[in-house]
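The model shown is predicted, which means the values in this text are computed figures rather than measured ones.
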Amino acid sequence: MSKHDSEYNSPEPERRAVRVPIQDVNQTENEDQEVVDEDQNITFNVYTSTDMILQEENIADATSQANRYEINPHGSETKIMSSSEVGNSTATVKILLMPDRHMITVAFTIGLTILDLKNHFAFELRVPSDNIQITLDEKCVDDDQTLMDIGVQPHGMVQFELSSLDPENYPIRQIKPQQEYNMPDVITVRVQTDADTYQDVVVEIERATRGKAFLGGYRHKVTKAKYHHAAVQTIAKKRPDRGIEMFSRDTQTVMLRNQDQQCSKNASTQMTSIGCYVSNMEDKLITPSGIYMTADEYHSKRLKAVVTLQTYLRRWLAKSFTDGLRQAKELHLAWLENEKRRKKEEKEQGIRDKYRRWMNPERKADFDLLYNALKKWRQEEEERINAAFSGAEKKAALCALLEQETQFISSIERHKTAAFERNQDKAVLAFLNKCAEPKKWRAFDGKVTQMDTQFTIRGSELRDLYNSITQDEVTKDERLDVVLTIKHTVKDHKCKLTQEIVDLIDREVDLLMRGMKKKNMDGLRKRISTLFLQYIKTPEFNPQVSKLLQYPADLRKNMYLCSGCNEYKSSSDFALKTNTSVVGLCRRCTQLDNEGRRREDFCLYKNILKHLRETEAKCSPESKITYLLQEQDLRYLVDELWGAQSALSGCKDLHDLLLVRWEKNSAWSPWNCILLTKDEAATHLKVENIRKAYDVVVIRDVKQKHALARKYFSQIPAVAKWQHDAKVQPPALGNLLVSKPITKATEQNG
């Protein structure tokens, strides 16, 4: 009888020797066969969870058990199993880790899905389950399929290939072998079914879930080895749960009882009486030596002592309370002083930063601040001239003002040109550093690993050459060494650009050998550095830049026509407002229009919007309306609706104003906000009931502004959908009138 004609008719799993610890999961069948042949004289009585047969002494029970098998067309017996037993059965799953082809064998329930298998190996391999791909016969397996859907039989075997979809960031690594032997989860043993027939059975090892109790032990003084006393193998008996949670003090309270006791010996006394004489020769007369104290005197003394103790105790409690109040007052005064000092320092720091931005402008916002200050100065001067002069004198003063404004604009433009050159050099250095930056990734233990590739090394070499060629304070020999190195670097590629660089380098070398002065070669050196930078930005010569530069093929996707400069530009070059319906001016044309006409400064509105986004991100991360608003929308809210002043105190310092929620339990929106100072906003967010904290007039004024904001932002489709989801409804028109007479009914409704 062959192994295919055995009683269980199960697929033959990988064979292993039982008495030898399993160290290599990739053992070949020939090696396993040799080990099994050596142990043919050993018989194991192994029963699995799905193939267990109860051996009874009764022959009738054995006959009933035999009726559970049927004869298949091949002549062998097959066990009939229920659907629940099939779904809970296990199979041997072999996972081949690619590309190292490392084999892992586990026991897996055939009723679970491939997604469960991915989650299991994602935890073992420290790789996200989304980046794991499991294939069977070079075909991907769906996550919702089970092993039973694939065709795996109970106690069968299947082999998958596991690979990573992102091998660069999440490579599949081999599982490190354990230093000491551990019992595997699945073993295979050979069982003798008949006299000459053997069958391989897959056995699952069930781990003990309960640890032994620690009952003491000792430690060896020399070897430092620890030995524990043996524990009882049986589980301790648990008291039955009565279903009532008890908090009893019986075990901590002393019970006192009074009980009369009879002495073991009787005693008697004798006294003088008729017929009895008792001698008094040895009697003694005892009198009290002190003053006799009555019960009333004793209790009054005790009461006086109690009053004295209470007096001292109450004095101590009162002193402690007053000391606490005094300390709290000192702390509060110190906090107020620190807050006053902090606000003063912040204000002074803001003034210093503003002065620094005036004197040394670097960014676009700094020049917007200069143009805004120039606009305010011109308005003030015009008002002064209109009030002081008239006629020809007024025209002359306005002409002088125009000339002075022209000079200021020329000075600002010179600063802008110098700042653009400095920023251009910084941008080039940042671009070269990004090309030479090694690849980084964070491991599961939090450590950051860096790796240099051939492309990053090439980018680092070109960056060092560019930094060397752009240096001014170098000697003649150092300059010759640098230009000759660049010449040998670019000569490896034959093209028009490299030929021009080589010709210019030869010309500079010839002039250096002739003793030409440095100032006469500045133009030549500038041409060499510019062409070499163009050489670095070419992907054929520096492959790393291909990931950082945009190509015309990529720019054709989102291209729009600017109505100002009449040029096609990318969508990222346009600054769109929330209420914009068509693409208008690009960022450059918008900046020129602002500098020439409006001269507005949005720095303060940007700070308010930044603080608003940070606060809402902490309170409600799912809120998106704050990220749809732009600086122009926030300027409309602050200036047009709230009048650029606090709704409570009327403070007009935009540095100290914030937009916070009106009702703190609802998400922020233009129709659920209020403009307050920082201190007022902190106090407002602590208010539980707005109707009790504020006056009716204030509440109606705020609701009126909310209605105007709702009307303005309802024209924006991206923001209008939040109005339908909002629980706050617009108030009636009659309730928006601030001048409406306030009655008792109105106060109750408000």
Side-chain angles (χ1 to χ4, degrees), residues 8-16 22 25-27 46-52 78-178 182-188 200-209 443-444:
Y8 294 96
N9 193 23
S10 60
E12 182 180 1
E14 182 182 1
R15 301 175 179 176
R16 300 177 184 270
I22 303 174
V25 296
N26 293 327
Q27 294 178 351
V46 182
Y47 305 98
T48 61
S49 60
T50 57
D51 296 334
M52 181 177 295
T78 304
K79 183 179 179 180
I80 302 175
M81 304 174 64
S82 62
S83 59
S84 59
E85 292 177 343
V86 173
N88 296 327
S89 300
T90 58
T92 303
V93 178
K94 294 185 177 182
I95 300 296
L96 186 62
L97 303 182
M98 303 301 290
D100 297 333
R101 303 188 68 81
H102 180 70
M103 183 71 72
I104 299 177
T105 304
V106 295
F108 205 76
T109 306
I110 63 175
L112 298 180
T113 61
I114 299 297
L115 181 59
D116 298 332
L117 190 63
K118 285 185 178 181
N119 294 334
H120 172 75
F121 284 98
F123 177 79
E124 295 291 336
L125 301 173
R126 301 296 191 274
V127 176
S129 60
D130 298 336
N131 295 327
I132 292 179
Q133 181 180 10
I134 295 180
T135 58
L136 177 63
D137 297 333
E138 298 182 356
K139 294 182 180 179
C140 295
V141 186
D142 297 335
D143 293 343
D144 55 351
Q145 288 185 341
T146 62
L147 297 181
M148 191 163 45
D149 296 338
I150 297 173
V152 180
Q153 299 296 330
H155 313 294
M157 181 185 68
V158 65
Q159 179 173 337
F160 295 104
E161 292 182 0
L162 188 145
S163 59
S164 176
L165 297 176
D166 189 4
E168 184 175 357
N169 296 325
Y170 300 97
I172 301 297
R173 299 182 179 89
Q174 297 183 6
I175 298 179
K176 295 182 179 180
Q178 298 181 354
N182 289 329
M183 191 67 181
D185 295 333
V186 181
I187 63 174
T188 305
D200 291 341
V201 180
V202 179
V203 180
E204 301 178 16
I205 305 301
E206 183 178 356
R207 306 292 182 181
T209 58
F444 65 93

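- Contact of the Val158 side chain with the Phe160 side chain is registered, since non-hydrogen atoms from C-beta on lie closer than 4.5 Å.
- Distance check: Gln159 CD to Thr105 OG1 gives 8.5 Å after rounding to the nearest 0.5 Å.
- In this structure, Thr146 contributes its side chain and Asp149 its backbone to a donor-acceptor pair below 3.5 Å.
- Test Ile114, Asp116, Thr109 against Leu147 for side-chain contact (heavy atoms from CB on, under 4.5 Å) and you get one pass: Ile114.
- Taken to the nearest 0.5 Å, the CG atom of Leu117 stands 4.5 Å off from the CD1 atom of Ile134.
- If you take CE on Met148 and CG on Leu112, they are separated by 10.0 Å, rounding to the nearest 0.5 Å.
- Across all non-hydrogen atoms, the minimal contact from Ala91 to Val152 is CB-CG1, 3.6 Å.
- Between Ile132 atom CD1 and Leu115 atom CG the span is 10.0 Å, to the nearest 0.5 Å.
- Going from atom CG of Leu96 over to atom NE2 of His102 covers 9.5 Å, rounded to the nearest 0.5 Å.
- Taken to the nearest 0.5 Å, the CG atom of Asp166 stands 11.5 Å off from the CG atom of Asp130.
- For the pair Gln133 and Leu165, the tightest heavy-atom approach, listed with the atom from each and the gap, is OE1-CD2, 3.1 Å.
- When the shell of 6.0 Å around CG of Asp137 is examined, it contains 12 or fewer heavy atoms from other residues, nucleotides or ligands.
- Ser163 approaches Ile172 most closely through the heavy-atom pair C-CG1, 4.2 Å.
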Open item on the list: One pair to check against side-chain contact (heavy atoms from CB on, under 4.5 Å): Leu125 and Tyr170. What are the steps and the verdict?
Closed with: CA-CA 10 Å; Leu125 301 173; Tyr170 300 97; over 6 Å; no
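- Taking every heavy atom of both residues into account, Phe108 and Thr113 meet most closely at CE2-O, 4.1 Å.
- Counting all heavy atoms, side chain and backbone alike, Val127 lies closest to Ala122 at O-CB, 2.9 Å.
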